[in-house]
There are 2 protein chains.
Amino acid sequence: MSTPRKATPPGIKHAPLELEHFLPYRLSILSNTVSQGIADDYQQRYDLSMTEWRVMAVLARFEGLSAREVADRTAMDKVAVSRALARLVEAGRVSRHMADNDKRRSVLDLTEDGWAIHDVVAPMARAREQALLDKLDEDERQWLVRILDKLQER
Amino acid sequence: MSTPRKATPPGIKHAPLELEHFLPYRLSILSNTVSQGIADDYQQRYDLSMTEWRVMAVLARFEGLSAREVADRTAMDKVAVSRALARLVEAGRVSRHMADNDKRRSVLDLTEDGWAIHDVVAPMARAREQALLDKLDEDERQWLVRILDKLQER
DNA sequence: TGCAGTTGGTTTCAAATGTAACTATAAAGA
DNA sequence: TCTTTATAGTTACATTTGAAACCAACTGCA
C-alpha cells in the first residue's frame, strides 16, 4: 500500500474538468440556487413542498387537468404527482372529482384556499425571477431567452 | 360543500405563472435534462452515482483535498460527501488517509482505478457539453458565458 | 494546564423519491 | 360479445436524501 504500484506514465495528463467553467455544472448550481430561493418563500409558511407548488402552479394556469396532464406539463413522474395531489386534496387546496366520460380520469382544480395561496406565492416567485433578471441588461435578457430556446430544442 | 362559499370577486384575475416562460422553471428543466444525460453515460457502466462522480471530478482537479473542501467545491452538503466518499473508498476509487497535522482531517486522492474511470468519463462529459454548445453559434456562446457570470454574481 | 467553543466527519432517524406491481376503467380486435 | 391490450392512478417496497445529534480532535484563552 505504501509503494506506488505503477507510476502514472509521464506523458499522460488526465485533463480533469474545470467545473467552474463546465456548463452542465454551472447550470445545476444556478438552477438549484434559484429554485431553493423560491421554495424558501413558501415551504415553511404554507407547509408546501416544491412538487406541490409546481402542481398548484400548473393547475392555476390550466384548470380541470387530469393527474396525467399535470405530470406531462410539469415533467414530473406520475407517482410524484399522485402523492403531491393526495396531500393537496387532503389539505383542501385542490379539488378532485371524477370525469363523467372516463371514470379513471380525475378533474383537478384549485379550491379557494388553493387560489389564496397561489395569489400570494406566485407574485413572490415572479419577484425572485425579476431579481434574477435585474442582474442583466436588456440585451442580455433577450439573448438569454434566445439561447434557452436553442438549448432546449429537440 | 356544494354551494360556493364566496364567489371570486369579478375583478380579480389570479395571474398564474406561465411556466414555459418562467426562468427558474426553464433552468430547472434544462439542467436536469443535461445532468441526467451525462449520468446516463456512467451510472450503470461504473455503478457510480451522480454525487460520486462529482466528488471524483473535483478530486481529479484538486488532489489532496479534505472532505470539507470537497463539499465546498461541489456545493454538496457534507453528509452527501461523506456517503459518496465511503462508497468510493470502499470501491477502491479514492484513497483516504489522515492529515498528520490534524487528525480529524482526511487527505483524499483518486487511486489508479479512480483515475482510469475519470479518464473515460471526463471526455464523455465534455462531449455532452460540446453537443449542447453546438446548438449555439459563437456569438451566443459568448453571451451565455457572460450571462451566467452575471446571474451567479454575489 | 484545563475548560469552552469550534470544526471535520459519521451516524441515526425521518421524510422524499423511484421502480415495479397492482386495481379499475376504457378501447380495440376477433 | 369476449378477450386482449392500453391507460389513469395508487400502493408497496427499496433506496436516497436531509436534518440533527453525535464523537473526536483541534483552538483559544484564562
Side-chain angles (χ1 to χ4, degrees), chain A residues 28-29 31-33 35-37 39-40 42-44 46-56 58-59 62 64-91 94-109, chain B residues 28-29 31-33 35-37 39-40 42-44 47-55 58-59 62 64-91 94-109:
Chain A
S28 167
I29 298 285
S31 169
N32 289 345
T33 307
S35 290
Q36 192 52 57
D40 289 345
Y42 58 75
Q43 293 215 122
Q44 347 72 311
Y46 293 109
D47 183 28
L48 190 66
S49 74
M50 226 157 87
T51 56
E52 284 162 36
W53 166 245
R54 282 205 177 167
V55 168
M56 289 185 63
V58 74
L59 288 178
F62 306 97
L65 293 184
S66 69
R68 173 101 215 305
E69 292 166 326
V70 171
D72 289 346
R73 295 211 171 257
T74 52
M76 293 164 56
D77 85 63
K78 63 178 187 166
V79 177
V81 170
S82 172
R83 287 195 267 239
L85 283 171
R87 283 203 74 209
L88 289 169
V89 170
E90 168 64 28
V94 166
S95 72
R96 166 159 53 189
H97 64 273
M98 181 182 286
D100 30 310
N101 49 330
D102 182 343
K103 289 176 196 158
R104 293 167 308 178
R105 213 172 182 98
S106 52
V107 175
L108 301 162
D109 286 290
Chain B
S28 166
I29 298 285
S31 169
N32 288 344
T33 307
S35 289
Q36 192 51 56
D40 288 346
Y42 59 73
Q43 293 215 119
Q44 347 72 311
D47 184 28
L48 191 65
S49 73
M50 225 158 87
T51 55
E52 283 162 38
W53 166 246
R54 282 206 177 165
V55 168
V58 75
L59 288 179
F62 306 97
L65 294 184
S66 69
R68 174 100 215 306
E69 291 166 328
V70 170
D72 289 346
R73 296 213 170 256
T74 52
M76 294 164 55
D77 84 63
K78 64 180 189 163
V79 177
V81 170
S82 170
R83 286 197 266 239
L85 283 171
R87 282 204 75 210
L88 289 168
V89 170
E90 168 65 27
V94 167
S95 72
R96 165 159 55 187
H97 63 274
M98 178 182 287
D100 30 311
N101 49 330
D102 182 344
K103 287 175 196 160
R104 293 168 309 179
R105 210 173 185 100
S106 52
V107 176
L108 301 162
D109 287 290

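As a basis for the values below, the full set of heavy atoms in this structure was taken, side chains included, without hydrogen atoms, waters or symmetry mates. So you know, we letter chains A, B, ... as the sequences are listed, proteins then strands, and number each from 1.
Atom OG of B/Ser82 is separated from atom CZ of B/Arg87 by 13.5 Å, given to the nearest 0.5 angstrom. Of the inter-residue distances, the one linking B/Ser49 atom OG with B/Gln43 atom CD reads 7.0 Å to the nearest 0.5 angstrom.
Within the nucleic acid shown, B/Ser106 comes within 4.0 Å of sugar-phosphate atoms alone, with no base atom in reach, counting heavy atoms only. Across all strands shown, B/Ser49 has no heavy atoms under 4.0 Å from either base or sugar-phosphate atoms. Backbone-only engagement by B/Arg96 is indicated by non-hydrogen atom pairs under 4.0 Å involving sugar-phosphate atoms exclusively.
The CG atom of B/Asp77 sits 15 Å away from the C1' atom of C/dA15 (whole-angstrom rounding). Atom C1' of nucleotide D/dC26 and atom CE of B/Met98 are separated by 13 Å, given to the nearest angstrom. Between the P atom of C/dT17 and the CE atom of A/Met76 lies a distance of 8 Å, rounded to the nearest Å. For A/Leu65 and D/dA8, the CG to P distance is 13 Å, given to the nearest whole Å. When the P atom of D/dA6 is taken as reference, atom CZ of A/Arg68 falls 14 Å away, rounded to whole Å. Protein atom CG of A/Leu88 is 16 Å distant from nucleotide atom C1' of D/dG9, rounded to whole Å. For the pair A/Leu85 CG and D/dG9 C1', the interatomic distance rounds to 10 Å; values are reported in whole Å. Between the C1' atom of D/dG18 and the CE atom of A/Met50 lies a distance of 14 Å, rounded to the nearest Å.
Side-chain N/O atoms of B/Ser28 and A/Arg54 include a donor and acceptor closer than 3.5 Å.
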Are any protein N/O atoms closer than 3.5 Å to N/O atoms in nucleotides 2-4 of chain D? If there are, list each pair with its distance.
none

Which pairs, protein N/O on one side and nucleotides 21-23 of chain D N/O on the other, fall under 3.5 Å?
none

Pairwise N/O distances under 3.5 Å, protein to nucleotides 27-29 of chain D:
none

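Residue A/Gln44 qualifies as enclosed at atom CD: its count of foreign heavy atoms under 6.0 Å is above 12.
Judged by closest nucleotide on DNA chain C, B/Arg105 is the one of A/Arg87 and B/Arg105 placed further toward the 5' end.
Residues A/Val55 and A/Met76 approach most closely at CG2-CE, 4.2 Å, considering heavy atoms. Shown here for A/Ser66 and A/Leu108, the closest heavy-atom pair between the two residues is C-CD1, 3.8 Å. Of all heavy-atom pairs between B/Thr51 and B/Ala84, the closest is OG1-CB, 4.2 Å. Between A/Leu88 and A/Glu52, the shortest heavy-atom contact is CD1-O, 3.8 Å. Minimum interatomic distance between A/Arg105 and A/Glu69 (heavy atoms only, all atoms of both residues): NH2-OE2, 3.4 Å. Residues B/Val81 and B/Ala67 come closest through the heavy atom pair CG1-O, 3.7 Å.
Between B/Ser66 and the phosphate of C/dG8, there is no side-chain N or O to OP1/OP2 separation shorter than 4.0 Å. OP1 or OP2 of D/dT10 lies within a sub-4.0 Å distance of a side-chain N or O belonging to A/Ser82.
Side-chain atoms of B/Trp53 and B/Met50, non-hydrogen and from C-beta on, never get closer than 4.5 Å to each other.
For B/Arg83 against D/dG18, a side-chain N or O and a base N or O form a donor-acceptor pair under 3.5 Å.
Checked by atom type and distance alone, the side chain of A/Thr33 pairs as donor or acceptor with a backbone atom of A/Ile29 at under 3.5 Å.
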